[in-house]
Amino acid sequence: MNIITFNILSKLIKRSSIGLILFSSCLLVSNNCYSQKHNYRIKTIVIDAGHGGKDPGALGKKVREKDIVLKIALKLGSYIEQTYPNLKVIYTRKTDVFIPLNERSNIANHSNADLFISIHANSNPNPKIRGTETYTLGLHKTQENLRVAMKENSVMLYEEDYSTKYEGFDPNNPASYIIFNLMQGVNRDKSIDLAELTEAQFKNRAGRHSRGVREAGFWVLKQVSTPSILVEVGFVSNPTEEKYLNTINGQDYLASAIYRAFKQYKNKIEDSSVVLNRKKIEKSDSVTSYPNVAVAKKNDSELIYCVQIKSSSKKIPLNSREFKSLTNIEERISSGTYKYTIGATDNYREIILLQRKIREKIKDCFVVAYYKGKRISLSKAKKLQKS
């Protein structure tokens, strides 16, 4: 080998080594960024104090809804900010001003919020009725739920040309509420989870009478593209509750109950979000199954965990492209909604492993629990296993 050839080879080897080092570094950075991207964290929450300004909301003998809910909303935000200084808390209003319904949802959507909590106070012609309620978006199943939705949606009547702005929706016409039957999706299940945690905190920690989790057609929730709930903290029409709502102690208890529910929800969502290792997928239409992780389905009489990948008001073929070519999909029907899940096991750790793999194709899949064929919260499932 002559000296010219040797020099050329030396330069090539040197350049190749540098290139290899740079290439490897890029892979490490890329994989790290990919992992961080999929390690889901709640970063932004929008807290909505209902009514305000020219809209007083429900009226008690001494209090106005708009004043009570603003105080609770500000306390809730303060608790979250103190505990999670890196989490962004956005308020739809911090003073006594009127905010249109569509603007409240726009604030959540434009800020890419991870969660939306709207706080209200209730009223009823019967002064004996009392208690808290937490609503998610859906079609009302009782006249009472419809009454509450009509009361809250009537805020739009304070706006000029509301009929055009809200697509011809009439808050006082029950027929208009049929549109909410179509508003189903993956956020519905997460919203219900948060609602259940909230009502449990009201009942077990704040000592309030809980009237439970309900569904109804609230316009402010309809437009929000993130998990969302509307909380009714009590009835200003009930003399005892009106007095409680108007005390600093009462407002503290209610705000802290919602805060603890948020904290539980945040921990649950983030704990189930597993950092992924990037894998090469040779073909985008390849079929994926997970026989080593998903175990045989249990009988309906037993408690099982599954990974939910889709929720729809309409039936979806199991071989649909929406399922990213996954296999072993099971269709379930709950409250008139089609739920599509993979896997079935009574071992929580096994289902988390399955979720990790499925998230390579469907990033927003999440773990759900069923007992005797009916959907239950994960917190309730874990309690059943301990008992």
- Item | OG1-CG distance between T226 and L115, expressed to the nearest 0.5 angstrom | 6.0 Å

- Is it true that the side chains of T83 and Y259 contain a donor and an acceptor less than 3.5 Å apart? yes

- Query: Would you call K66-D55 a salt bridge at under 4.0 Å N-O?
  - Reply: no

- K339: what forms a side-chain hydrogen bond (donor to acceptor under 3.5 Å, both in side chains) with it, not counting sequence neighbours? D189

- Where do K75 and I72 land on the side chain to side chain contact (heavy atoms under 4.5 Å, CB included) test, with the steps shown first? CA-CA 5 Å; K75 287 177 182 288; I72 294 174; 5.6 Å; no

- Query: Is any side-chain heavy atom of S256 less than 4.5 Å from a side-chain heavy atom of I258?
  - Reply: no

- Flag side-chain contact, heavy atom, 4.5 Å: Y91 against D48: no

- Are the side chains of I316 and K310 in touch, meaning some heavy atoms are under 4.5 Å apart? yes

- Stepwise side chain to side chain contact (heavy atoms under 4.5 Å, CB included) check, L354 with I342: CA-CA 9 Å; L354 177 59; I342 296 179; 4.2 Å; yes

- Message: So L70 and R93, do their side chains get closer than 4.5 Å, heavy atoms only?
- Response: yes

- Taking 4.0 angstrom as the limit, do E331 and K315 come out as a salt bridge? yes

- Answer with yes or no whether the hydrophobic clustering places Y253 together with L76; edges join I, L, V, M, F, W, Y residues whose side-chain heavy atoms lie under 4.5 Å apart. yes

- Item | Spatial distance of atom CD (Q355) from atom SG (C365) [nearest 0.5 Å] | 5.0 Å

- What pair of heavy atoms forms the shortest contact from I229 to V231, and how long is it? CD1-CG2, 3.7 Å

- Can you list the residues that meet the salt bridge (Lys or Arg N to Asp or Glu O under 4.0 Å) rule with R208, with sequence neighbours excluded? E241

- Message: Please determine whether the number of non-hydrogen atoms from other residues, nucleotides or ligands lying under 6.0 Å from atom NZ of K54 exceeds 12.
- Response: yes

- Is a salt bridge present between K190 and D193, judged by a nitrogen-to-oxygen distance below 4.0 Å? no

- Mind checking whether V236 and L245 have side chains closer than 4.5 Å, heavy atoms only? yes

- Relative to Y84, does K266 satisfy both conditions: NZ or CZ under 6.0 angstrom from the six-membered ring centre, and within 45 degrees of the ring's axis? yes

- D96 side chain vs G53 backbone, donor-acceptor pair below 3.5 Å: yes

- Query: Between atom CD of E103 and atom CD1 of I107, what is the distance when rounded to the nearest 0.5 Å?
  - Reply: 5.0 Å

- Got a sec, which hydrophobics cluster with F235, joining ILVMFWY side chains under 4.5 Å apart, including via others? I129

- Message: Does either side chain, that of Q385 or that of D346, offer a donor lying less than 3.5 Å from an acceptor on the other one?
- Response: no

- Query: Does some side-chain heavy atom of L326 sit less than 4.5 Å from a side-chain heavy atom of I362?
  - Reply: yes

- Task: Would you verify whether the NZ or CZ of R332 falls within 45 degrees of the ring axis of Y370 while also being under 6.0 Å from that six-membered ring's centre?
- Result: yes

- Item | Cluster companions of V97 among Ile, Leu, Val, Met, Phe, Trp, Tyr (side-chain spacing under 4.5 Å) | I99

- Mind running side chain to side chain contact (heavy atoms under 4.5 Å, CB included) on K43 and K88 for me, showing each step along the way? CA-CA 6 Å; K43 298 178 180 178; K88 188 175 184 180; over 6 Å; no

- Query: Any side-chain donor-acceptor pair under 3.5 Å between Y79 and E81?
  - Reply: no

- Could you list all the ring pair (Phe, Tyr, Trp, His ring centres under 6.0 Å) pairs where at least one residue sits in residues 45-71, not counting sequence neighbours? H51-H120

- Note on the structure: Heavy-atom nearest pair, A381 first then L303, reads O-CD2, 3.5 Å

- Same cluster for Y244 and I119 if Ile/Leu/Val/Met/Phe/Trp/Tyr side chains link at under 4.5 Å? yes

- One should read off an interatomic distance between I42 CD1 and K263 NZ, to the nearest 0.5 angstrom, of 13.5 Å

- Item | Between CZ on residue R41 and CD on residue E270, distance to nearest 0.5 Å | 4.5 Å

- Partners meeting ring-ring contact (aromatic ring centres under 6.0 Å, His included) with Y340 (sequence neighbours left out): F323

- Query: Can a cation-pi geometry be assigned to K382 and Y348, taking NZ or CZ under 6.0 Å from the six-membered ring centre and within 45° of the ring axis?
  - Reply: yes

- Is there side-chain contact between Y265 and P227, with heavy atoms separated by less than 4.5 Å? yes

- Item | Any donor-acceptor N/O pair, E242 side chain to V63 backbone, under 3.5 Å | yes

- Which distance, rounded to the nearest 0.5 Å, do you find between the OG of S237 and the CG of N126? 8.0 Å

- Item | Donor-acceptor contact below 3.5 Å, side chain N106 vs main chain N102 | yes

- Query: Between Q251 and T247, is any side-chain donor less than 3.5 angstrom from a side-chain acceptor?
  - Reply: no

- Item | Evaluation steps, salt bridge (Lys or Arg N to Asp or Glu O under 4.0 Å), between K71 and D252 | CA-CA 9 Å; K71 292 176 182 178; D252 285 340; over 6 Å; no

- In one Ile/Leu/Val/Met/Phe/Trp/Tyr side-chain cluster, 4.5 Å: I333, I329: yes

- Query: Can you name the one residue among T341, V368, I351 that meets side-chain contact (heavy atoms from CB on, under 4.5 Å) with V307?
  - Reply: I351

- Message: Please find the pair of heavy atoms, one from E196 and one from S377, that lie closest to each other, and give the distance.
- Response: OE1-CB, 3.0 Å

- Note on the structure: Minimal heavy-atom distance between A73 and A49, with the atoms involved, is CB-CB, 3.8 Å

- Message: What I want to check is whether the side chains of E232 and T134 have a donor and an acceptor closer together than 3.5 Å.
- Response: no

- Item | Short side-chain to backbone donor-acceptor contact, S191 and S228, under 3.5 Å | yes

- Task: Looking only at non-hydrogen atoms, find the nearest pair between P127 and N238 and report the distance.
- Result: O-ND2, 3.0 Å

- Message: For the backbone of G57 and the side chain of E65, can you confirm whether one donor and one acceptor N or O come within less than 3.5 Å of each other?
- Response: no

- Item | Criterion side chain to side chain contact (heavy atoms under 4.5 Å, CB included) on L87 and F262, from CA distance to verdict | CA-CA 12 Å; L87 193 153; F262 162 74; 3.7 Å; yes

- Message: Are F116 and I47 packed together at the side-chain level, in the sense that at least one heavy-atom pair is separated by less than 4.5 angstrom?
- Response: no

- Is it true that a side-chain atom of D114 and a backbone atom of I45 form a donor plus acceptor pair closer than 3.5 Å? no

- For the student: nearest non-hydrogen atoms of T132 and S210, plus distance: OG1-CA, 3.6 Å

